[in-house]
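Values below: every heavy atom of this structure, side chains too, minus hydrogens, waters and symmetry copies.
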Amino acid sequence: MELSPLTKRRIAQFKTNKRGFWSLWIFLFLCFLCLSAEFIANDKPILVKFDGGFYTPIFTTYPETTFGGDFETATDYRDPYVQELIDEKGWMIWPPIRYSYQTINYNLPQPAPSPPSLDNWLGTDDQGRDVMARVIYGFRISVQFGLILTLVSSVIGIAAGAFQGYYGGWLDLVMQRVIEIWSSLPSLYILIIFSAMFVPGFWTLLIILLLFSWVSLVDVVRAEFLRARNFDYVRAAHALGVSNLTIMRRHVLPNAMVATMTLMPFILTGSITALTSLDFLGLGLPPGSPSLGELLAQGKNNLQAPWLGITAFFSLAIMLSLLTFIGEAVRDAFDPRKTNL
């Protein structure tokens, strides 16, 4: 499928913003690493060869008796006894970091939180868990949460703004008053109340944050539909008997998507920040979940361990800076006034 000249121009314009272009590639690389987190940081080997057979502990849970042990429980591959059994008849390929986000290092040279070392690259938190592993898994959860929330809220916001702007009249008037009232509510306090009332979880938090995040795109889409509904080609399509939904989807929505696409990276940034804030307050993901906000809270509570706060700060700063630079490049690419080509 050949790209249209307008799409080619936007891609070329995006590439001219070197900061945003390279930020996109760096962000995609970090996302790829975090999506394969189990192969980078795990307390299970990637591949085990034992007595002529091959095993993949990352994908399958094997009992200890599989490798000559005494118990039917899941194998603890960090146990020296199990490692001796496997080494006698085979070998293991470990990830670069031999800790998962919930693995506790019981062999620390000093009480937790312990400083960075060759075993724990970024040290451990106050429960003896590897910080590097928790950052990798926490980055993945933050990006997944932000992307899902951004996509779902964008769909709802675009649909609400489209119906308001296209039909106008009483529908537009009533919905605008409802949105104004809803937007004036203290969203942070309501989020805290809801988070305290319901059992925290990934999807629970997603639904709670979705209650307020969809409003951000309504005004932009509504304005585009109000402007475009009186254009000649829209009136001509309506005179030819084309249905309203078809006109909205085929003729008006592409114009509204220009403004929408420029705002979506910033909505993603806000979604990640909201999740981090709730985790920092202890009202986010369940205890034990890998979370950058929880790591920030640990840095605040353990000032004698500066590596916790520094790691959380730089993780969030790098992630949000990359997304901001990407958003600026997307905004420039969709801006018709940019004529750098």
What are the two closest heavy atoms between [X] and [Y], and how far apart are they?
X      : Y      : answer
Phe50  : Thr66  : CE2-O, 3.5 Å
Asp43  : Arg78  : CB-CD, 3.8 Å
Pro113 : Gln110 : O-NE2, 4.4 Å
Gln127 : Ile104 : O-CG2, 3.5 Å
Ser142 : Leu275 : CA-CD2, 4.2 Å

task: Sequence neighbours left out, what passes ring-ring contact (aromatic ring centres under 6.0 Å, His included) with Phe32? Give chain and number order.
output: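 Result, ring-ring contact (aromatic ring centres under 6.0 Å, His included) vs Phe32: none returned.
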field: Those residues that, when tested against Phe280, pass ring-ring contact (aromatic ring centres under 6.0 Å, His included) (two or more places apart)
entry: none
What's the separation between atom [atom1] in [X] and atom [atom2] in [Y], rounded to the nearest 0.5 Å?
X      : Y      : atom1 : atom2 : answer
Leu253 : Ile247 : CG    : CD1   : 13.5 Å
Asp125 : Leu295 : CG    : CG    : 7.5 Å
Leu147 : Gln144 : CG    : CD    : 8.5 Å
Arg129 : Gln298 : CZ    : CD    : 6.0 Å
Leu323 : Ile267 : CG    : CD1   : 12.5 Å
Leu24  : Ile326 : CG    : CD1   : 5.0 Å

Is it possible for you to say whether [X] and [Y] belong to one hydrophobic cluster, with membership spreading through side-chain heavy-atom contacts below 4.5 Å?
X      : Y      : answer
Ile40  : Tyr101 : no
Leu268 : Val143 : yes
Leu278 : Phe313 : no
Ile141 : Phe314 : no
Val152 : Trp182 : yes

Residue pair [X] / [Y], side-chain heavy-atom distance below 4.5 Å:
X      : Y      : answer
Leu263 : Arg331 : no
Thr16  : Asp332 : no
Leu296 : Lys300 : no
Phe145 : Leu285 : no
Arg10  : Gln13  : no
Arg98  : Thr103 : no
Asn301 : Leu308 : no

- prompt: Checking side-chain contact (heavy atoms from CB on, under 4.5 Å) for the pair Met319/Ile272: CA distance, chi angles, key distance, verdict?
  reply: CA-CA 9 Å; Met319 181 196 308; Ile272 294 175; 3.6 Å; yes
message: Tell me which pairs pass salt bridge (Lys or Arg N to Asp or Glu O under 4.0 Å) where either residue lies in residues 144-166, with sequence neighbours left out.
response: none
Expected list for residues 153-170: side-chain donor-acceptor pairs under 3.5 angstrom, two or more places apart:
residue, atom, partner, partner atom, Å
Ser153, OG, Leu149, O, 2.6
Ser153, OG, Thr150, O, 3.1
Ser154, OG, Thr150, O, 2.6
Gln164, NE2, Asp172, OD1, 3.0
Gln164, NE2, Gln176, OE1, 2.9
Tyr166, OH, Asn244, OD1, 3.0

I'd like to know if the side chain of [X] reaches the main chain of [Y], judged simply by a donor and an acceptor atom lying under 3.5 Å from each other, with no hydrogens or angles considered.
X      : Y      : answer
Asn302 : Gln304 : no
Glu64  : Asp70  : yes
Ser321 : Ile318 : no

- prompt: What residues join Phe266 in its hydrophobic cluster, counting side-chain heavy atom gaps under 4.5 Å, either direct or through other members?
  reply: none
- request: Please lay out, stage by stage, how Thr75 and Lys44 fare under the test side-chain contact (heavy atoms from CB on, under 4.5 Å).
  value: CA-CA 9 Å; Thr75 304; Lys44 299 177 181 179; over 6 Å; no
Partner of Ser315 under side chain to side chain contact (heavy atoms under 4.5 Å, CB included), chosen from Ile136, Val131, Val135: Val135
- request: Examine the side chains of Ser243 and Thr246 and answer whether a donor and an acceptor come within less than 3.5 Å of each other.
  value: yes
Residues in side chain to side chain donor-acceptor pair (under 3.5 Å) contact with [X], at least two apart in sequence or another chain:
X      : value
Arg140 : Glu38
Arg227 : Glu224
Glu328 : Arg19

task: Decide if atom CH2 of Trp25 counts as having more than 12 heavy atoms of other residues, nucleotides or ligands within a radius under 6.0 Å.
output: no
- prompt: Under 6.0 Å from the CZ atom of Phe231, do we count more than 12 heavy atoms belonging to anything else shown?
  reply: yes
Check: residues 198-217 side-chain donor-acceptor pairs under 3.5 Å, at least two apart:
residue, atom, partner, partner atom, Å
Ser213, OG, Leu209, O, 3.2
Trp214, NE1, Leu211, O, 2.9
Ser216, OG, Ser213, O, 3.0

message: Show, in sequence, the C-alpha distance, side-chain angles and deciding distance for Arg134 and Glu294, and conclude whether the side-chain contact (heavy atoms from CB on, under 4.5 Å) test is met.
response: CA-CA 10 Å; Arg134 293 187 66 81; Glu294 189 261 351; 3.3 Å; yes
Would you list the atom pairs, donor with acceptor, under 3.5 Å between side chains in residues 114-123 and any protein atom, with sequence neighbours excluded?
residue, atom, partner, partner atom, Å
Ser114, OG, Thr124, OG1, 2.8
Ser117, OG, Asp119, N, 3.4
Ser117, OG, Asn120, N, 3.2
Asp119, OD1, Tyr99, OH, 3.2
Asp119, OD2, Tyr99, OH, 2.5
Asp119, OD2, Asn105, ND2, 3.2
Asn120, OD1, Asn105, ND2, 3.1
Asn120, ND2, Asp130, OD1, 2.8
Trp121, NE1, Leu118, O, 3.2

Please table the atom pairs, donor to acceptor, closer than 3.5 Å between any side-chain atom in residues 80-96 and protein atoms at least two apart or in another chain.
residue, atom, partner, partner atom, Å
Gln83, NE2, Tyr77, O, 3.0

Check: residues 53-63 side-chain donor-acceptor pairs under 3.5 Å, at least two apart:
residue, atom, partner, partner atom, Å
Tyr62, OH, Thr56, N, 3.2

